[in-house]
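Take a look at the structure below.
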2 protein chains.
Amino acid sequence: MTVTMKDIARRAGVSRQAVSAALGNSQSSIRVSDETRWRVAQVAQDLGYLPNSAARVMATGKFGCVAMLSSPLGRLSTVTTPFLCGIHDTLNTFDLHLLQAMIPADEAHRAQFVPKFLREYMIDGFLVNYVAEIPPTLKAAFDSRVQPCVWMNVDMPCDAVRPDDYTAARDLTGKLIELGHSRISFVAHHSDHYSVAMRRQGYSDAMLAAGLEPGSIYNVLGSRGWVALGREWLRSDDRPTAVVAYDSFTAKPILFAALMEGLRVPGDLSLATFDVDTAEDMTAGVKIAAMVVPWYSMGKSAVELLVEKIEQPDLSFPCRHISFTFDAGETLGPPR
Amino acid sequence: MTVTMKDIARRAGVSRQAVSAALGNSQSSIRVSDETRWRVAQVAQDLGYLPNSAARVMATGKFGCVAMLSSPLGRLSTVTTPFLCGIHDTLNTFDLHLLQAMIPADEAHRAQFVPKFLREYMIDGFLVNYVAEIPPTLKAAFDSRVQPCVWMNVDMPCDAVRPDDYTAARDLTGKLIELGHSRISFVAHHSDHYSVAMRRQGYSDAMLAAGLEPGSIYNVLGSRGWVALGREWLRSDDRPTAVVAYDSFTAKPILFAALMEGLRVPGDLSLATFDVDTAEDMTAGVKIAAMVVPWYSMGKSAVELLVEKIEQPDLSFPCRHISFTFDAGETLGPPR
DNA sequence: TTGAAAGCGCTAACAT
DNA sequence: ATGTTAGCGCTTTCAA
């Protein structure tokens, strides 16, 4: 049926473990001559041999596999391409592969759901890409597991990786202050996610450090509400000269509202935000200044941390905070 | 070390295969009494038993696993949440798990790259989420594989699944015609992807069938270019009264351009597009009418097709075309 | 109904 | 350096 090392050994006229050593799979100190190695490789190629992963797992006790758990709800999990790339690229360097699990979209199914990788024994460790509202059944399955686990994008003291939202917000606000702005507002939607409070805190601290008065606006209406709210707000005489928006879903309607009100950006209003993948969306033909979430680095760091935990299962590691990068965009300038 | 069925058998005082049967893993005709079944379950629970996936794979010859291959380049692969949900939910119903592989982001690595699931023997079949520009080394690794494979989002005669772009475009254009529009333009960016040609064809056929003159505009400048181009275009006297835009990256700048020019939408201009996940983006506070790509169904159908191919490896199946759904949005109305 | 034994493909600890 | 052997945890077949 399928080609095994036995077949290769027979065809090449060498021993089984010579084949194993020649293919570089065995850890043992067996040496084989270059000629044998070459012949084995040749035969393996001819026969279309592929090592059987399950057999190797059985023999070594290592799965060579890491799982990632995500939610179907966009606000609870990050499934952007750069994030996945960072994870995959880093796993590749350790010759690990990725098993991806997602909670069911349907709520009734979700309550009962436990992914296969938690019901069976098949991974070396796992990544949690799930910031809140984890179903109780699932949480219980987690906690009874012995495999190491790394949390991503949550505020936990150890075994977690997240962006450094506080510093990013402080620095971004600092840049506006340096440009000469003093009426700077922070705008956000309501959310329990730690990053809202952290970005706000970074903004506030930067304002207070410069002797300025922080002022925030929250909105529960979503993007739709921002346009109407933004237009009204920006019409008033004491409107801010600069806005720090929590994310692009907040920033874009504000940009739109400003332009519709006839304000020039950045002439009349400077705008800065977080989390915009600048290449992706240019609805208004303008690139918004942003602290860009380092998704690729996030994925990379999470995997590196997980690998350390797999190698030293009994240790705990402090949370890692990943720095943002700055993209000046086209919406930053001095106040009039 | 880890708990095995042997441990359960000893503790529960029953035979090994009684344990296997009681846990519902074995296919054999062994019957166990309810009492035994209950005691075995109890002991398994107490001991924290988990079946070893690799051992089962070894014994059965089935991996219970499907791989998906994607590209780090957004235009070549779809990694949206609904798509992944459709895939995961459907895999769950077959008790399959998903191994996800992604080509390296770095070009130098990419040329050599062959994912682990193609270098080892570890899956029952795989999904290709890669519409073009597949590196030659990778393509070669594909072609030498015996596992069944399903292509997604490409125009192939068999063993593939894709949205029915032609019908969606024809129907969408038909809706505008029914509203009374006659000057309807199709706008798109340049791309080799089959869907650009198909949507354009659907649009053209609908126009011709109504005795109207089709007219298309292409743009190589990306979203940024559309704003300037769109404003100029919409200022002219013979501007269209309705626009069918290839996707949301085309439609949104046009909406913006129209509003900046003082046109009312849909009073002065109707706008319709494809592929907008309407909940996600409301930059302008307006929901654009759209034929919504059925990503969830795409994932579901792809997995169903793959499962059929796994069960009948020697058969080929015709390509499946998935229907779009229509979201009327707020940008459709009769011409003035 | 229950028990014993073989075997899946590989690795690693032994022998020689 | 090379060959032999046991064993990973499970399923399945064959005997009792």
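The figures here come from the full heavy-atom set of this structure, side chains too, leaving out hydrogens, waters and symmetry mates. In this text the structure is predicted, and so the values were computed from the model without any measurement.
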Original post:
Which ones in residues 57-64 of chain B lie close to DNA chain D, meaning a heavy atom under 4.0 Å from one of its atoms?
Top reply: B/Met58, B/Ala59, B/Thr60

**OP:** Take the protein atom NZ of A/Lys6 and the nucleotide atom P of D/dT5, then report the distance between them rounded to whole Å.
**Re:** 13 Å

Taking only distance into account, with no hydrogens and no angle test, what donor-acceptor pairs under 3.5 Å do side-chain atoms of residues 105-114 of chain A form with protein atoms, sequence neighbours excluded?
| residue | atom | partner | partner atom | Å |
| --- | --- | --- | --- | --- |
| A/Asp106 | OD2 | A/His109 | N | 3.3 |
| A/Asp106 | OD2 | A/His109 | ND1 | 2.5 |

**OP:** Report the distance from atom CE of B/Met122 to atom C1' of C/dG9, rounded to the nearest whole Å.
**Re:** 15 Å

**OP:** Go through the steps for A/Trp151 and A/Arg162 under the test side-chain contact (heavy atoms from CB on, under 4.5 Å), then give the verdict.
**Re:** CA-CA 9 Å; A/Trp151 294 75; A/Arg162 65 168 177 80; over 6 Å; no

**OP:** Send over the distance from B/Asn52 CG to C/dC10 C1', rounded to a whole Å.
**Re:** 14 Å

Original post:
D/dC8 phosphate, OP1 or OP2: any side-chain N/O from A/Tyr121 under 4.0 angstrom?
Top reply: no

Original post:
Can you name the residues that form a side chain to side chain donor-acceptor pair (under 3.5 Å) with A/Lys139, not counting sequence neighbours?
Top reply: A/Asp143

Subject >> salt bridge (Lys or Arg N to Asp or Glu O under 4.0 Å) against B/Lys62, all qualifying residues, sequence neighbours excluded >> reply: none

**OP:** Go through D/dG9, D/dC10, C/dC10 for me and flag the one nearest to the A/Arg56 side chain.
**Re:** C/dC10

**OP:** Quick one: list whatever passes ring pair (Phe, Tyr, Trp, His ring centres under 6.0 Å) with B/Phe117, sequence neighbours left out.
**Re:** B/Phe126

**OP:** Rounded off to whole Å, could you give me the CE-to-C1' distance for the A/Met5 and C/dC8 pair?
**Re:** 15 Å

Table please: side-chain donor-acceptor pairs of residues 63-77 of chain A below 3.5 Å, with sequence neighbours left out.
| residue | atom | partner | partner atom | Å |
| --- | --- | --- | --- | --- |
| A/Ser70 | OG | A/Asn129 | ND2 | 3.2 |
| A/Ser71 | OG | A/Leu73 | N | 2.9 |
| A/Arg75 | NH2 | A/Glu133 | OE1 | 2.9 |
| A/Arg75 | NH2 | A/Glu133 | OE2 | 3.0 |
| A/Ser77 | OG | A/Ser71 | N | 2.7 |
| A/Ser77 | OG | A/Asn129 | O | 2.4 |

Please tabulate, for the side chains in residues 302-318 of chain A, all donor-acceptor contacts under 3.5 angstrom to protein atoms that are two or more places apart in sequence or on a different chain.
| residue | atom | partner | partner atom | Å |
| --- | --- | --- | --- | --- |
| A/Glu304 | OE2 | A/Lys300 | NZ | 2.9 |
| A/Glu308 | OE2 | A/Arg320 | NH2 | 3.0 |
| A/Lys309 | NZ | A/Asp159 | OD1 | 3.3 |
| A/Lys309 | NZ | A/Asp159 | OD2 | 3.0 |
| A/Lys309 | NZ | A/Leu315 | O | 3.4 |
| A/Ser316 | OG | A/Asp159 | OD2 | 3.1 |

**OP:** Give the angle between the helix axes at the two ends of the helix from C/dT1-D/dA16 to C/dC14-D/dG3, taking five base pairs at each end and rounding to 10°.
**Re:** 40°

In residues 38-48 of chain A, what donor-acceptor pairs under 3.5 Å come from side-chain atoms, sequence neighbours left out?
| residue | atom | partner | partner atom | Å |
| --- | --- | --- | --- | --- |
| A/Arg39 | NE | A/Ala12 | O | 3.1 |
| A/Arg39 | NH1 | A/Glu35 | OE2 | 2.7 |
| A/Arg39 | NH2 | A/Ala12 | O | 3.2 |

